[in-house]
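Scroll down for the structure; my scribbles are underneath it.
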Amino acid sequence: MANKVQHSTIHWFRKGLRFHDNPSLLHALRTSRHVYPVYVVDQNWMKEHDIRYGANWWRFVIQCLEELDTRLRKYGLRLFVVRGSAEDFFKEHFRKWKVTQLTHDVDTEPFYRIRDVAVRKIASDMGVEVVTHVAHTLYDIDRTVERNGGTPPLTYRKFLKVYNEMGKPPKEKETATTEHFANCTLPPEALQDKKFDMVTLEELGMRCDFPAKFVGGETEALRRLEKSLEDKDWVLKFEKPKTSPNSLLPSTTVLSPYITVGCLSARLFYHQLDKIYSKAKNHSQPPVSLHGQLIWREFFYTAAAHTPNFNQMEGNRVCLQIPWNKNDEHLTRWRNAQTGFPWIDAAMTQLRKEGWIHHLARHAVACFLTRGDLWISWEEGMKVFEELLLDADWSLNAGNWMWLSASAFFHQYFRVYSPIVFGKKTDPKGTFIRHYLPVLKNFPKEYIYEPWKAPRNVQEKAGCIVGKDYPRPIVDHKEASQRNLDIMRDVRKDQKETASVTLGYGK
DNA sequence: CTTTTCGTTGCCACG
DNA sequence: ACGTGGCAACGAAAA
């Protein structure tokens with residue numbers, strides 16, 4: 001090899017749990033004699049920053065880590081799973097392992113940024129060079145914002161304009177493979193150090209008493225990508241709003257969990273789509289196309305990275321200030337699929353048991369919790385999603401919750417999803433409900449979306465008495481949504497007046 | 001400045 | 001089956 005191969009490098013996996021399109025890993029391998037691949041599990045840090053991934057998410061990530069470890073061992077390396085503070089670990093091991101270089105992806109969430117600044121300081125104090133690359137998003141987000149004049153685009157159209165000016169995102173990098181690892185080794189004592197062996201759910205104090213519907217790992221991610229792109233016609237015609245939220249086989253790709261933890265590169269997905277698009281005469285366009293979905297992700301990442309307090313209402317300049325109610329009983333019932341609205345409860349059951357629900361199902365349950373029915377803050381819903389979703393992503397989660405609650409980005413608050421009618425369009429027989437709420441499975445289709453309306457004898461025949469075997473609806477939808485609509489209108493009127501008064505003072 | 005148009009995915013009644 | 005306008009009417013951006 002022509003270039004000097006002499007660094008002793010820690011490659012820090014956070015997201016980016018992959019060998020394909022991993023520029024910072026490639027850099028580590030190309031410039032080092034020793035490469036220590038590290039993943040940090042720090043529950044205190046997570047608690048401090050209110051990061052609340054649940055057992056299903058951890059199981060998924062551990063599967064990803066196991067695959068990384070297995071593959072690294074084939075190349076003579078291993079994964080070091082660190083317990084506790086990243087700062088403490090680096091302070092100790094930069095010296096112990098004679099580290100001269102640290103490599104990792106650029107991450108934009110505030111909690112990552114704070115920690116990265118601290119780690120960078122430790123590194124510079126100890127003479128460790130830090131090399132980072134943008135690999136999780138399509139573009140370098142700071143440059144997108146620069147291009148937009150210093151602020152993030154806050155409408156999709158505006159974002160598209162910037163996107164069109166910037167040209168296609170960088171091509172994905174080659175996959176790290178045998179030749180990249182050829183010159184990298186680890187000292188035997190490090191290879192055998194049991195302290196850094198794989199973490200388990202038990203160790204994290206967690207339990208999953210249901211099987212994994214979606215298995216983590218890069219191999220599964222790439223297999224799923226390939227399968228998703230198999231039917232070219234489906235890819236070319238894809239329009240998100242036309243996909244079904246309640247088909248038992250997902251009507252979309254379900255690549256989001258893989259992209260979120262980074263065992264699938266968004267850039268790889270982007271360019272594979274691009275190849276298919278370029279060979280065809282016609283294809284669907286953003287925002288509804290598959291490219292459009294990746295651009296939505298980028299849109300929320302960009303807004304989140306440049307909006308202080310993006311995941312809360314208070315101090316968030318893009319978020320409408322709404323006097324939400326606090327109602328722990330209603331929140332708990334929503335969380336635990338006990339609202340008495342079968343379509344809502346079925347979706348929430350799918351979320352809890354599988355960790356993924358269709359985007360439109362998220363719309364339905366989010367609208368129900370916030371502006372539609374329960375008038376509970378979007379922040380509460382966001383927290384539940386973060387705990388239960390495999391694809392929970394800080395930026396997208398907060399952004400979409402603001403969208404659905406009509407707090408930001410989306411303003412047509414009078415368009416309320418009906419918890420009874422909406423699901424019927426794509427699943428009139430209620431197959432989805434019957435699957436996830438077996439207690440209702442024998443209700444005739446006339447009553448499956450509103451079982452409380454079934455006459456007593458029908459309930460008896462179905463073997464399910466509403467109010468006993470399945471809850472009565474916790475609100476009257478018509479009444480609640482109308483009341484909420486009125487409050488929303490008043491809030492907006494008030495805030496417009498306040499804003500103009502403030503403006504008046506400013507002049 | 002005002003006016004019009006548009007916005008990934010509402011519901012309902014009517015034809 | 002599907003399209004349309006009314007509902008009561010949002011904010012951002014184009015015109």
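Throughout, a chain's letter reflects where its sequence line sits, starting with A, and its residues are numbered from 1. Everything numeric in this text was worked out from a predicted model, so none of it was measured.
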Should the pair A/Trp356 and A/Phe214 be assigned to parallel (<30°), tilted (30 to 60°) or perpendicular (>60°) ring geometry?
perpendicular

A/Phe385 ring center near A/Trp401 ring center (under 6.0 Å)
yes

Taking any atom closer than 4.0 angstrom to a non-hydrogen atom of chain A, what span of DNA chain B does the protein reach, first nucleotide to last?
B/dG7 to B/dC12

Atom CD of A/Glu314: over 12 foreign heavy atoms under 6.0 Å:
no

Aromatic contact between A/His283 and A/Phe238, with the criterion being ring centroids under 6.0 Å apart: yes or no?
no

Should the heavy atoms of other residues, nucleotides or ligands under 6.0 Å from NZ of A/Lys424 be counted, would the total exceed 12?
yes

Hey, does A/Lys424 reach any base, or is it just sugar-phosphate, or nothing, if we go heavy atoms under 4.0 Å?
nothing

Note: contacts of residues 234-244 of chain A with DNA chain B (heavy atom, under 4.0 Å) are A/Lys240, A/Pro241

Between A/Asp328 and A/Lys326, is there a salt bridge with N-O shorter than 4.0 Å?
yes

Verify the ring-centre separation between A/Trp343 and A/Phe432: is it less than 6.0 angstrom?
yes

Touch check for A/Val421, heavy atoms < 4.0 angstrom, all strands: base, sugar-phosphate only, or nothing?
sugar-phosphate

State whether the side chain of A/Asn316 and the backbone N or O of A/Gln312 hold a donor-acceptor pair below 3.5 Å, judged by distance alone.
yes

Stems in DNA chain B, runs of 3 or more consecutive Watson-Crick or G-U wobble pairs with both distances under 3.5 Å, sorted by first number, are B:2-7 with C:10-15, B:10-15 with C:2-7

Sugar-phosphate atoms are those with a prime plus P, OP1 and OP2; base atoms are the rest. Using that split, label each nucleotide of nucleotides 5-15 of chain C B, S or - for protein heavy atoms under 4.0 Å, 5' to 3'.
---SSBSSSS-

Out of A/Asn148, A/Leu154, A/Thr302, A/Asn164, which one pairs with A/Phe159 under the side chain to side chain contact (heavy atoms under 4.5 Å, CB included) rule?
A/Thr302

Would A/Glu146 and A/Arg143 count as a salt bridge (Lys or Arg N to Asp or Glu O under 4.0 Å) if you check the C-alpha gap in whole Å, the side-chain angles of each, and the deciding distance to 0.1 Å?
CA-CA 5 Å; A/Glu146 224 170 85; A/Arg143 288 183 59 196; 5.5 Å; no

For a quick test of your reading: what N or O donor-acceptor pairs under 3.5 Å do the side chains of residues 249-268 of chain A make, sequence neighbours left out?
from     : atom 1 : to       : atom 2 : distance (Å)
A/Ser251 : OG     : A/Ser244 : N      : 3.1
A/Ser251 : OG     : A/Ser244 : O      : 2.7
A/Thr253 : OG1    : A/Leu255 : N      : 3.2
A/Ser256 : OG     : A/Asp391 : OD2    : 2.7
A/Tyr258 : OH     : A/Val215 : O      : 2.7
A/Thr260 : OG1    : A/Ser256 : O      : 2.7
A/Thr260 : OG1    : A/Asp391 : O      : 3.4
A/Ser265 : OG     : A/Asp21  : OD2    : 2.5
A/Ser265 : OG     : A/Arg267 : N      : 3.1
A/Ser265 : OG     : A/Leu268 : N      : 3.0
A/Arg267 : NE     : A/Thr137 : O      : 3.2
A/Arg267 : NE     : A/Leu138 : O      : 3.0
A/Arg267 : NH1    : A/Val134 : O      : 3.0
A/Arg267 : NH2    : A/Val134 : O      : 3.4
A/Arg267 : NH2    : A/Thr137 : O      : 3.4
A/Arg267 : NH2    : A/Leu138 : O      : 3.1

Does A/Arg59 make a cation-pi contact with A/Trp57, if we ask for NZ or CZ under 6.0 Å from the ring centre and within 45° of the axis?
no

Taking the six-membered ring for Trp, are A/Trp403 and A/Phe409 parallel (under 30°), tilted (30 to 60°) or perpendicular (over 60°)?
parallel

Closer than 4.0 angstrom, basic N to acidic O: yes or no for A/Asp107 and A/Lys15?
yes

Pairwise C1' distance for C/dA9 and B/dC6, with rounding to whole Å:
14 Å

Give me the ring orientation class for A/Phe310 and A/Trp394: parallel if the planes are under 30° apart, tilted from 30 to 60°, perpendicular past 60°.
tilted

Could you list by number each residue of residues 348-364 of chain A showing a heavy-atom separation from DNA chain B of less than 4.0 Å, or answer none if no residue does?
A/His359, A/Leu360, A/His363

Mind checking the C1' distance from C/dA14 to B/dC1? Whole angstroms is fine.
14 Å

